[in-house]
Asker: 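Please see the structure below; I have some questions.
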Amino acid sequence: MLPTITVDVGTTSIKLCMFGAGGGLVASARHTTPTVQDAWGEIYDLESVTEAITGFIRGLDPSARATVKRVAITGVGESGGLVRPDLSLASPMILWHDHRGADYLATLSAADRALMYRITGLPVNANYGLSKVAWASGQSSHPGDQAQWLNIAEYLAALMSGQRWSEYSLASRTMALDLNSGKWSAEACALLGLDAGIFPELRNALDGSTIAGGYARTAGLPDDVLIHVAGHDHMVGAVGAGLQHGELLNSTGTTEGLLFLRDAPSLDESSAQAKLANGLSCTGAEYTLFASIPTGGSAFATLQSMLGLTADQLSACISTLHKRYVAGQVDLGAIPLVLPQFRGSPPPSKRATARGVIAGLRTDTSAEDLVLGCFLGMALQFQDVLRLFPTQPDRVKVIGPASLNPLWLQLKADLLGTPLSVSQLNEVVSRGAQALASGVPCDWDDCQPEDVLVNARQNALLGEWYAEIQPQWEYLKGVPA
């Protein structure tokens, strides 16, 4: 490994790390992702973003900073903005869940949507970059200024290197990349009235650019540092986890991702109907098949707000529930059925307007019951989404905040009847970014995984419970927004 600074721009927080040559963590910091509202929705507060990153680098011990060889940047896949050749912005830097470009997709016919899936491997959805590009292009007062679309991670790399480029795994989240050719698709872009030239050159995560002299001086970094766009955060996590074919990466953060590596894209009608998202890996050499559940770690904030609990109180509640659950002291029949669509629904509906539903409330329903019902609902959603994939995993690797939640993990293992292998190290995504920038693979054993085994008794009880509540569960999923 090469001494590397990693930048992971997430929905909730920006994770900043420095790793040494042996892969050991030298320093780390976490900042709430700074955003502001414009007239259409939520955008990045770029001044605060760049200040946080540069401040972290400047705050490193000078002797450690002098050893840095790489800066590797990763981020959420569907965010971005139009950036001119001088790196000034021609549009806001838009967040991944912003749907300001949705009207540009509304006129697409069923045939157009099928064509889009065959080309890009993505179901038509306003989360993906292309509709945001169309919106930003339509808003631009200078359409001939050679502005190009950059993801937030690519934009930060451009500020550090002076160059604009797009990395393959992030490009495959734009709905503008031809998966079969690995090039920008003029045909997909034309469906929204765009020229493919609005997207920059493509590089894989292993190809870096030399740091710009001005940024090197500002950050106090050596002038031979290479800047890398490591890629889409979930896919970089797969690298950090040493994901192999046949294994599932369960990447838990604000959202929850399910990711398989594939030898070829899955573009058949079944995958299209399931709205599974195909993509390219960070190296551009392998394909990915991915699904995202909008409510993941964000459920913690929802429960805190809903129930008036502090973070410590919620953690204590989860710990108590876990002990009661494994001891067989939970009456599943008394627990409310919670459909946790707090941020929209997962595939196959993928409705941003979907809302959560709670059924089965009683006069004696407690806050603990609602917390347990929420995590049961999250396990049910995971099971539903996993069943959409054409193959089932022979191993499930879990990374992210879920590794700290024994209740969530045990419910998932027991419901699926599948053991989980759970990383005990933080920032697997950041470790994957260092590995990509260093050109070396990662070993899952280095994440110090621990197994969460299936409790046979609880597996049987959950099976009986699911058979009873399945009709109601299916009904709740069909409730209009």
Side-chain angles (χ1 to χ4, degrees), residues 8-17 25 27-36 42 45 48-49 52 56 76 95-97 233-234 237 250-257 292-326 329-330 335-336 338-344 355-356 358 361 365-382 398-413 420 422-430 447-448 450 452:
D8 179 7
V9 183
T11 304
T12 304
S13 61
I14 299 174
K15 284 79 73 178
L16 301 162
C17 298
L25 184 63
S28 66
R30 186 179 292 252
H31 297 270
T32 299
T33 302
T35 63
V36 294
E42 194 174 11
D45 177 354
S48 296
V49 171
F56 171 77
V76 291
L95 266 67
W96 73 269
H97 51 75
D233 50 6
H234 291 298
N250 180 204
S251 178
T252 62
T254 304
T255 62
E256 185 172 11
S292 178
I293 302 174
T295 299
S298 63
F300 289 85
T302 303
L303 287 170
Q304 285 178 241
S305 176
M306 182 190 303
L307 302 174
L309 300 174
T310 66
D312 288 343
Q313 287 171 329
L314 180 56
S315 295
C317 178
I318 289 170
S319 178
T320 298
L321 282 168
H322 176 247
K323 292 174 183 176
R324 286 178 50 205
Y325 171 75
V326 296
Q329 297 172 356
V330 170
I335 303 301
V338 180
L339 179 69
Q341 294 180 162
F342 305 138
R343 298 172 60 94
R355 295 292 180 265
I358 301 175
L361 293 175
T365 298
S366 66
E368 280 192 358
D369 293 337
L370 286 170
V371 171
L372 180 55
C374 179
F375 284 106
L376 274 168
M378 290 167 68
L380 286 172
Q381 280 196 148
F382 183 89
V398 183
I399 65 173
S403 62
L404 302 175
N405 188 323
L407 176 66
W408 191 6
L409 293 170
Q410 194 64 58
L411 288 171
K412 193 179 296 184
L420 309 178
V422 183
S423 171
Q424 299 305 300
L425 292 186
N426 294 326
E427 312 305 355
V428 175
V429 172
S430 298
C447 295
Q448 300 174 12
E450 292 185 0
V452 176

Asker: For the residue pair D8 and S430, what are the closest heavy atoms and their distance?
Answerer: CB-OG, 4.2 Å

Asker: Keeping T295 on the side-chain end and P340 on the backbone end, is there a donor-acceptor pair under 3.5 Å?
Answerer: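 Indeed, once roles are kept as given, a pair shorter than 3.5 Å links the two residues.
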
Asker: Let me check something: any side-chain donor-acceptor pairs from residues 398-407 under 3.5 Å, sequence neighbours excluded? List them with distances.
Answerer:
unit_1: S403; atom_1: OG; unit_2: G400; atom_2: O; d: 2.8
unit_1: N405; atom_1: OD1; unit_2: L407; atom_2: N; d: 3.2
unit_1: N405; atom_1: OD1; unit_2: W408; atom_2: N; d: 2.9

Asker: Does S423 use its side chain to pair, donor to acceptor, with the backbone of L425 at less than 3.5 Å?
Answerer: yes

Asker: Please report the shortest heavy-atom distance between C374 and A299, naming the atom on each side.
Answerer: SG-CB, 4.2 Å

Asker: Could you tell me the separation between the CD atom of Q410 and the CG atom of L321, rounded to the nearest 0.5 Å?
Answerer: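 Result: 13.5 Å between the selected atoms.
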
Asker: If you take all heavy atoms of L314 and F300, which pair is closest and at what distance?
Answerer: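 Scanning both residues, the minimum pair turns out to be CD2-O, 3.6 Å.
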
Asker: If you measure from CZ on R30 to CZ on F56, what distance do you get to the nearest 0.5 Å?
Answerer: 12.0 Å

Asker: How close do T35 and L95 get, heavy atom to heavy atom, and via which atoms?
Answerer: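 Heavy atoms of T35 and L95 come nearest at CG2-CD2, 3.9 Å.
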
Asker: So do L376 and L411 actually touch side chain to side chain, heavy atoms under 4.5 Å?
Answerer: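 Of all side-chain heavy-atom pairs linking L376 with L411, at least one is under 4.5 Å.
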
Asker: Run the side-chain contact (heavy atoms from CB on, under 4.5 Å) test on F375 and L303 for me, step by step, so that the C-alpha distance in whole Å, both residues' side-chain angles and the decisive distance to 0.1 Å come before the verdict.
Answerer: CA-CA 10 Å; F375 284 106; L303 287 170; 4.0 Å; yes

Asker: Decide yes or no for L361 and L370: does some side-chain heavy atom of the first lie under 4.5 Å from some side-chain heavy atom of the second?
Answerer: yes

Asker: Which value, rounded to the nearest 0.5 Å, describes the distance between T255 atom OG1 and H97 atom NE2?
Answerer: 10.0 Å

Asker: Under a plain distance cut-off of 3.5 Å, with no hydrogens placed, do K412 and N250 share a side-chain donor-acceptor pair?
Answerer: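 K412 and N250 do have a side-chain donor-acceptor pair below 3.5 Å.
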
Asker: Just do the side-chain contact (heavy atoms from CB on, under 4.5 Å) check on L339 and Q381 with the steps written out, would you?
Answerer: CA-CA 8 Å; L339 179 69; Q381 280 196 148; 4.3 Å; yes

Asker: Nearest 0.5 Å, please: how far is CD in E256 from OG in S298?
Answerer: 10.0 Å

Asker: Can you tell me how far CD1 of I293 sits from CD of Q341, rounded to the nearest 0.5 angstrom?
Answerer: 10.5 Å

Asker: Quick one: side-chain hydrogen bond (donor to acceptor under 3.5 Å, both in side chains) pairs with a partner in residues 313-322, sequence neighbours left out?
Answerer: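 The answer is T310-Q313.
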
Asker: Tell me, with the steps shown, if V371 and I318 meet side-chain contact (heavy atoms from CB on, under 4.5 Å).
Answerer: CA-CA 8 Å; V371 171; I318 289 170; 4.1 Å; yes

Asker: I'd like to know whether K15 forms a side-chain contact (heavy atoms from CB on, under 4.5 Å) with N426, so could you lay out the CA-CA distance, the side-chain angles of the two residues, the decisive distance to 0.1 Å, and finally the verdict.
Answerer: CA-CA 11 Å; K15 284 79 73 178; N426 294 326; over 6 Å; no

Asker: Looking at OG1 of T252 and CE of M378, how far apart are the two atoms once the value is rounded to the nearest 0.5 Å?
Answerer: 9.0 Å

Asker: How far apart are the closest heavy atoms of H234 and S251, and which atoms are they?
Answerer: ND1-OG, 2.8 Å

Asker: On a heavy-atom basis, which atom in C17 and which in L25 lie closest, and how many Å separate them?
Answerer: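 Answer, listing the atom of C17 first, then L25: CB-CD1, 3.8 Å.
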
